J.: 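Can you read through this structure? Questions will come right after.
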Amino acid sequence: MKIAILPGDGIGTEIVEQAVRVLDVLDLNYESETALVGGAAYEAHGHPLPDRTLQLAKDADAVLFGAVGDWKYDKLERQYRPEQAILGLRKHLGLFANFRPALCYEQLTHASSLKPELVAGLDILIIRELTGDIYFGQPRGRRTAVDGHFPGAEEAFDTMRYSRPEIERIAHVAFQAARKRSKKVTSVDKANVLETFQFWKDVVTEVHAQYPDVELQHMYVDNAAMQLVKAPKAFDVVVTGNMFGDILSDEAAMLTGSIGMLPSASLDKNGKGLYEPSHGSAPDIAGKGVANPLATILSAAMMLRFTLNQPAAADRIDTAVKAVLAAGLRTRDIWSEGTTQVGTREMGDAVVAAVLGQSAGKTITKTT
Ligand code: NAD
């Protein structure tokens, strides 16, 4: 097994370090190599996704990714901005299916901004299409308007597009995932306004004919955003396009207590994947040692389960995270009265201790 480790910028380096420490105590036989990506790679090599980093990612079985970005790069030409690295990796590795499970741990029911009874036991899976939509559609740019409400004015434009095969393959992924869960898929679109999403709805409906055992529901994105905070447990598998998935999965993250708890996997057609927390590089807290590393640690567990075929090791990580939360340890983002606040490294220490404790048959206790 070869893992490419790409910590990136901001809190990326701090949180990936903790995930690697956890992997290291699992007695796995894996090789790893670390490379620069994002703003860090731009500083060192003049490009956010240098050839060497891309090649390493291509050669590896899986990629463990932190986060990229910093507001200080906002003035750079778009192709040099750190965020282009993650878009480039998705494109070059053919990563089209983004899995974002939103799971509310029993111990964090009170950390959610919603009432505990709305989120207790929440376990939904958002599947976001990653390679199409308005994020990649051409043409895009700035120009002088020739029509519209202000002809002659400067305007900017992007192109929303989806091809049939792109929709078909993500629909298959969603229906197959639903078969392993409660057999219910909600496809989120904006078919009432957008041609692209009427097509999305039509193609998802066609693919559904091959999965008669799975229930399919269609929902407009504005309603889905509302239902996610009104009755989130009514969802199970949610499948949607790149932009709606980006937004809805961050909304779902808050149901779980913090975006610092939400792992993700981006898979190609053969199950090779890039694993990363759903959040960004959080420049506001970078270097302060307060970032929550659990989303990244849980992303490493997804990597073991989905790509590296090590389900037992993945279960050990999941169990260790639950044990640490049960022991009352919390980073600042999930802290509440009566729990013990710890920093990034202490949270990593606790998960490592919990994993080691499993082999020794010990239970975890507070480390502070
Ligand atoms: P963000 O996710 O980085 O941060 C949003 C808020 O959540 C901040 O208040 C931050 O402190 C908090 N937060 C995020 N992760 C946390 C963690 N693990 N523990 C505790 N708190 C956490 O989003 P943003 O502020 O909109 O973007 C910052 C930078 O990250 C931008 O440059 C953006 O483009 C980039 N970004 C990168 C990715 C990626 O690498 N895949 C994804 C999203 C945003």
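Fair warning: this is a prediction, and the values are worked out from it, not measured in the lab. In each ligand, atom 1 is the first atom listed, and ligand 1 is the first ligand listed.
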J.: Could you check atom 29 (C) of ligand 1 against the protein and tell me its nearest heavy-atom contact, residue, atom and distance included?
T.: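 In this structure, atom 29 (C) of ligand 1 has S281 OG, 3.3 Å as its nearest protein heavy atom.
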
J.: Salt bridge or not between D213 and R179? Use side-chain N to carboxylate O under 4.0 Å.
T.: yes

J.: Give, for atom CZ of R169 and atom NE2 of H172, the distance between the pair rounded to the nearest 0.5 Å.
T.: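 Reported to 0.5 Å precision, the distance equals 11.5 Å.
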
J.: Protein heavy atoms near atom 26 (O) of ligand 1, is at least one of them under 4.0 angstrom away?
T.: no

J.: What part of I15 sits under 4.0 Å from ligand 1 if we count only heavy atoms: the side chain, the backbone, both or neither?
T.: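 No part of I15 is near ligand 1 at this cut-off.
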
J.: Using 4.0 Å as the upper bound for N to carboxylate O, is an ion pair formed by R52 and E33?
T.: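 Yes, this pair counts.
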
J.: To which of A286, P277, A282 does the heavy atom nearest atom 4 (O) of ligand 1 belong?
T.: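 Looking at heavy atoms only, A282 sits closest to atom 4 (O) of ligand 1.
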
J.: Any side-chain donor-acceptor pair under 3.5 Å between S299 and E276?
T.: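 No pair is found: no donor N or O on one side chain lies under 3.5 Å from an acceptor on the other.
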
J.: Below 4.0 angstrom from a heavy atom of G69, which ligand 1 atoms are there? Numbered from 1 as shown, please.
T.: 32 (O)

J.: For atom 28 (C) of ligand 1, what's the nearest protein heavy atom and its distance?
T.: P283 CD, 3.4 Å

J.: Given L294, I86, N292, identify the one with the heavy atom nearest to atom 18 (N) of ligand 1.
T.: N292

J.: Would you check if there is a donor-acceptor pair between the side chains of S258 and H279 at a distance under 3.5 Å?
T.: no

J.: Considering only NZ, NE, NH1 and NH2 on the basic side and carboxylate oxygens on the acidic side, decide whether D236 and K183 come within less than 4.0 Å.
T.: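 Between K183 and D236 there is no salt bridge, as every charged N stays at least 4.0 Å from the carboxylate O atoms.
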
J.: With a cutoff of 4.0 Å, is A295 in contact with ligand 1, counting heavy atoms of the residue only?
T.: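 No, A295 has no heavy atoms under 4.0 Å from ligand 1.
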
J.: Suppose I only count heavy atoms of A67 and a 4.0 Å limit; which atoms of ligand 1 are within that range?
T.: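 By the 4.0 Å cutoff, the relevant atoms are 40 (O).
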
J.: Write out the residue and atom name of the closest protein heavy atom to atom 35 (C) of ligand 1, then the distance separating them to 0.1 Å.
T.: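 I find the closest protein heavy atom is V68 O, 3.2 Å.
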
J.: Do D51 and Q55 have a side chain donor and acceptor closer than 3.5 Å?
T.: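 Judged by distance alone, the side chains do not pair up.
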
J.: Show, in sequence, the C-alpha distance, side-chain angles and deciding distance for R305 and D318, and conclude whether the salt bridge (charged side-chain N to carboxylate O under 4.0 Å, His left out) test is met.
T.: CA-CA 11 Å; R305 188 169 287 119; D318 289 345; 3.0 Å; yes

J.: Backbone N or O of A291 within a donor-acceptor pair of the T344 side chain at under 3.5 Å?
T.: yes

J.: Could you check atom 9 (O) of ligand 1 against the protein and tell me its nearest heavy-atom contact, residue, atom and distance included?
T.: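 Ranked first by proximity to atom 9 (O) of ligand 1 is D284 OD2, 3.0 Å.
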
J.: Does the pair K2 and D61 meet the rule for a salt bridge (charged side-chain N to carboxylate O under 4.0 Å, His left out), with working shown?
T.: CA-CA 5 Å; K2 181 157 183 192; D61 297 300; over 6 Å; no

J.: Side chains of S249 and R100: donor-acceptor distance under 3.5 Å anywhere?
T.: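 Checked: S249/R100 side chains pair up, N/O donor to acceptor below 3.5 Å.
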
J.: Between E276 and ligand 1, which part of the residue brings a heavy atom under 4.0 Å of the ligand: side chain, backbone, both or neither?
T.: side chain

J.: For D333, counting its heavy atoms only, list the atoms of ligand 1 lying under 4.0 Å from any of them.
T.: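 Near D333, the atoms of ligand 1 are 20 (C).
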
J.: Which atoms from ligand 1 have a heavy atom of D70 less than 4.0 Å away?
T.: 32 (O)

J.: Around atom CZ of F150, are there more than 12 heavy atoms from other residues, nucleotides or ligands closer than 6.0 Å?
T.: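 Open.
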
J.: Quick one: look up the protein heavy atom nearest atom 7 (O) of ligand 1 and list residue, atom name and how far away it is.
T.: I259 CG2, 3.8 Å

J.: For atom 24 (P) of ligand 1, find the nearest protein heavy atom and state the residue, atom name and distance (0.1 Å precision).
T.: W71 CZ2, 4.9 Å

J.: Report the nearest protein non-hydrogen atom to atom 33 (C) of ligand 1: residue, atom name, distance rounded to 0.1 Å.
T.: E83 OE2, 3.5 Å

J.: Distance under 4.0 Å to a non-hydrogen atom of A291: what atoms of ligand 1 satisfy this?
T.: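 By the 4.0 Å cutoff, the relevant atoms are 19 (N).
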
J.: Of all the non-hydrogen atoms in the protein, which one sits nearest to atom 1 (P) of ligand 1, and at what distance?
T.: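 The answer is G280 N, 3.5 Å.
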
